[in-house]
Amino acid sequence: MTTRHASPQGRAAQRGAALLTAMVIVTLIATLAASMVWQQWRAIQVEAAERSQTQAQWILNGALDWALLILREDGRTSADSDHLGEPWAVPLAEARLSTFLAADRNQTDDAPDAFLSGAIRDAQSRYNLRNLVSAQGPARAVEIKTLENLCEMVGVSRSVGSSLAAQLLLTQPVAPGGTAAAPGTPGTPAPTAAPATTSQDNLPLLPPGVEQLGWLGIDAASLAKLLPHLILLPRVTPINLNTASKEVIAAVLDITLADADRLVQLRLRTPLKTMNDAAAALPAQALTARSKAVGVASGYFEVTGVLRLDPLVVAQRSLVERDRQNRSVRVLSTERIRRPDDIATSLQQ
């Protein structure tokens, strides 16, 4: 029987094919192993992020409860006025919480670096747009003029205030036979009201907050100037002369910035206890027409908390209502703050 031997070329080809097959198998195994390692790493990262988010939310909820206790105690012990010299108005500077979060307070080297900061801000220190959308008849014209005055005080065209007022009023249903009241400034067109025979189902939505006023066509530059002085609360409220900026005071009372600044300087030395204290520092008759639009006490506050748990930063803002008579404080809404510039703005007093 004749035995055939493969040629040297054939044996080389077989060895090459075997080597190629082995390389493909090794590559496949390496790829699968890398994929498994990546999936495991990703699962660990997701779990760590979720754990950090949960821990941060617990701490921020605790900080909010702390703020509620401060406001409740202030309402119980203080007189019927709120000012910037009270404990609630002192912001919390960034404080390290790692020592308290560690299981063993004597061994904090491995504890996460957690830092908490926050502030309580009087929501009635700003002009409440609810006053405008809820006003009727002559009162509506006064509120429109107030918004136009505020725009002028902060360096924005009065026409922006007129346009914003018109858009806000369009969000409100019109009673059968009702018409829009003319703005307080002569020559300014009245906001267009829906005819009585037209369905109210297609009315534009009222923005949930002042940050969304861009929905109504307000440009970003004007909105940035107005945001520190505007708010949208659940009901009509007066501004607090103890905490409002001079721009808001001047706009609401229709006085000059110099007169409003005189009141601000007075309250720095001696907080206003009653409206008589404010009347002594204001021009004569300044409070006559707008006595219900101003006050020295507040029922709404904004609580902002920021937790930095490297590399995570979580911030939230809550709207709080305080009832002095019932000695109760309740949270109306809570929202997450996502952008760093929004966080810095929220912590400003």
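Note: hydrogens, waters and symmetry copies are ignored here, and every other heavy atom, side chains too, is used.
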Practice task
Go through the steps for L84 and L268 under the test side-chain contact (heavy atoms from CB on, under 4.5 Å), then give the verdict.
Solution key: CA-CA 8 Å; L84 297 178; L268 288 177; 5.8 Å; no
What pairs with [X] under side-chain contact (heavy atoms from CB on, under 4.5 Å), at least two apart in sequence or on another chain?
{"X": "A63", "result": "L116"}
{"X": "S333", "result": "L319"}
{"X": "K225", "result": "V154, V156"}

Verify whether one side chain among [X] and [Y] offers a donor that lies under 3.5 Å from an acceptor in the other.
{"X": "D82", "Y": "S298", "result": "no"}
{"X": "T146", "Y": "N149", "result": "no"}
{"X": "Y127", "Y": "E247", "result": "no"}
{"X": "T54", "Y": "Q57", "result": "no"}

Got a salt bridge between [X] and [Y], using NZ or NE/NH1/NH2 to carboxylate O under 4.0 Å?
{"X": "K145", "Y": "E152", "value": "no"}
{"X": "R121", "Y": "E302", "value": "no"}
{"X": "R140", "Y": "E143", "value": "no"}

Practice task
Could you walk me through whether Q172 and L206 pass the side-chain contact (heavy atoms from CB on, under 4.5 Å) test, one step at a time?
Solution key: CA-CA 8 Å; Q172 303 303 299; L206 182 67; 4.2 Å; yes
Could you tell me whether the side chain of [X] and the main chain of [Y] form a donor-acceptor pair under 3.5 Å?
{"X": "S125", "Y": "D122", "answer": "yes"}
{"X": "N326", "Y": "S328", "answer": "no"}
{"X": "D277", "Y": "T274", "answer": "yes"}
{"X": "T171", "Y": "L168", "answer": "yes"}

Does any non-hydrogen side-chain atom of [Y] lie less than 4.5 Å from one of [X]?
{"X": "V314", "Y": "R336", "result": "yes"}
{"X": "S162", "Y": "E148", "result": "yes"}
{"X": "V294", "Y": "L253", "result": "yes"}
{"X": "L129", "Y": "L147", "result": "yes"}
{"X": "R267", "Y": "H83", "result": "no"}
{"X": "R324", "Y": "S78", "result": "yes"}

Handout entry: side-chain contact (heavy atoms from CB on, under 4.5 Å) evaluation trace for V210 with L226
Key = CA-CA 9 Å; V210 292; L226 287 170; over 6 Å; no
Side-chain donor-acceptor distances from residues 27-45 under 3.5 Å, at least two apart:
residue : atom : partner : partner atom : Å
T27     : OG1  : M23     : O            : 2.7
T31     : OG1  : T27     : O            : 2.8

Exercise for the section: Go through the structure and list residues passing salt bridge (Lys or Arg N to Asp or Glu O under 4.0 Å) with D259, not counting sequence neighbours. Expected result: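 With neighbours one apart ignored, the set is R262.
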Exercise for the section: Determine, step by step, whether T304 and Q316 satisfy the side-chain hydrogen bond (donor to acceptor under 3.5 Å, both in side chains) criterion, reporting the C-alpha distance in whole Å, the side-chain angles of both residues, the deciding distance to 0.1 Å, and the verdict. Expected result: CA-CA 6 Å; T304 302; Q316 71 177 23; over 6 Å; no
Show me the side-chain donor-acceptor pairs of residues 229-238 shorter than 3.5 Å, one per line, residues at least two apart or across chains.
residue : atom : partner : partner atom : Å
H229    : ND1  : S245    : OG           : 3.2
R235    : NE   : Y300    : OH           : 3.1
T237    : OG1  : N128    : ND2          : 3.0

Handout entry: Partner of L272 by side-chain contact (heavy atoms from CB on, under 4.5 Å), out of L241, T243, N240
Key =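 Of L241, T243, N240, side-chain contact (heavy atoms from CB on, under 4.5 Å) with L272 is met by L241 alone.
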Exercise for the section: Give the C-alpha distance, both sets of side-chain angles, the deciding distance and a yes or no for side-chain contact (heavy atoms from CB on, under 4.5 Å) between R290 and D254. Expected result: CA-CA 9 Å; R290 299 288 281 161; D254 198 15; over 6 Å; no
Practice task
Working to the nearest 0.5 Å, report the span between CG of L223 and CG of L213.
Solution key: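 Here the rounded value is 6.0 Å.
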Handout entry: Greater than 12 external heavy atoms within 6.0 Å of W58's CH2
Key =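 Open.
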